[in-house]
Amino acid sequence: MKYLNDFLITGGTGMVGKSFLDKLPNAIYISSKQYDLRDPVQTNNMFEEYRPRFVIHLAARVGGVLANMNNLGSFYYDNVMINTNVLESARIFETEKLLSCLSTCIYPDKVTYPLTEDQIHNGTPHQSNFSYAYTKRMIEIQSKAYKAQYGCNFISMAPNNLFGQFDNFSLEGSHVIPAMIRKIYEAKLNNTRAEFWGDGTPLREFTYSKDIPDVSLFLLEKYDSPDVINVGNSHEVSIEYVVSKVQEYFDFDGEIFWDTTKPMGQFRKPSSNEKLLDLGWKAEDYTSMEKGLKETCEWFIINYPNIRGMNG
Ligand code: NDP
């Protein structure tokens, strides 16, 4: 196969995709406006045009709990089509290596912590995002099947919670950190209190999106198995601590109200990075949550209100 480009990144216009721009300035960054990857013909056309040696497959319909719960059917259709088409076209066009992005939120609801890769198919995902989760799990299955039958070198990583610049800051559709940043910033602007669900004690792991390019290139170099591998900063912090940091970066001295009548989710959901560390990655290679959060808050101030998700 004659390759025309080294790297093609699906989902190149998303939060994670944009974080590759510094590291891979010459890569091809794909938006859904150029190619709707739910369509096999458009997906093939994309591969025909760019003929990439390496593909980093990030494109997905992504959202927080509410967005997932309200769109179980369309999240299923969009994601299962995108993933099936991208891997099939990569096979046809003999992509040398393809890295897909799964997520630790697709692990079974009832699982033994920390999340280890061998448990990923051991039970049903949480009911709030089961359709997204099953489509992501099928990437691993498709990669294994394609390795067995065609010898394709398709690998997949499962990051924990990601945050960063270019995130979706919609209050309805977003994840924990972007919602937190927006609520506190707007509480400061409007001189109101910032409200959060629960009591702030649950612990979570957060990874800065700008770490994903480094870990992706590391895996493309060092990892050749279709078995999923966890990635992400596994240092746990409480939700209350993250709120206190955002408060500090925005210099917000108004009231933080914890609504303890609302659900707060599981106390901990730690993931294991052992497999990645065994390959030579170092825990210190991740950016600290504090540094990533500070940079994200600074970016938010500069770009507000022209930020994705502001209408929702
Ligand atoms: P974003 O929502 O920011 O970006 C999604 C990307 O997918 C966009 O570039 C979008 O293109 C593209 N896309 C969506 N639908 C289509 C389509 N039909 N055809 C072509 N492209 C499409 O997501 P993130 O950057 O946050 O996520 C990237 C990956 O990381 C995803 O696979 C996600 O599952 C995974 N992940 C994310 C986590 C997080 O906390 N955000 C955690 C763990 C994993 P366009 O903008 O042009 O429509």
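As the structure is a computational prediction, the values presented were derived from the model and not from experiment. In each ligand, atom 1 is the first atom listed, and ligand 1 is the first ligand listed.
Within 4.0 Å of ligand 1, the residues that place a heavy atom are Gly11, Gly12, Thr13, Gly14, Met15, Val16, Ser31, Ser32, Lys33, Tyr35, Asp36, Leu37, Arg38, Leu58, Ala59, Ala60, Val62, Ile82, Cys101, Leu102, Ser103, Tyr132, Lys136, Pro159, Asn160, Leu162, His175, Arg308, listed by chain and number.
Placement of Phe154 and Leu99 in two distinct hydrophobic clusters is found when ILVMFWY residues are connected by side-chain heavy-atom separations under 4.5 Å, directly or transitively.
Judged as a salt bridge (Lys or Arg N to Asp or Glu O under 4.0 Å), the pairs with a partner in residues 15-25 (not counting sequence neighbours) are, in order, Lys23-Asp214.
Phe54 pairs by the ring-ring contact (aromatic ring centres under 6.0 Å, His included) definition with Phe7, not counting sequence neighbours. Residues forming a ring-ring contact (aromatic ring centres under 6.0 Å, His included) with Tyr185 (at least two apart in sequence, or on another chain): Phe250, Phe300, Tyr304.
Between Trp258 and Phe196, the angle of the ring planes lies from 30° to 60°, which puts this pair in the tilted group.
Remark: the Tyr241 side chain and the Glu290 side chain contain an N/O donor-acceptor pair separated by less than 3.5 Å.
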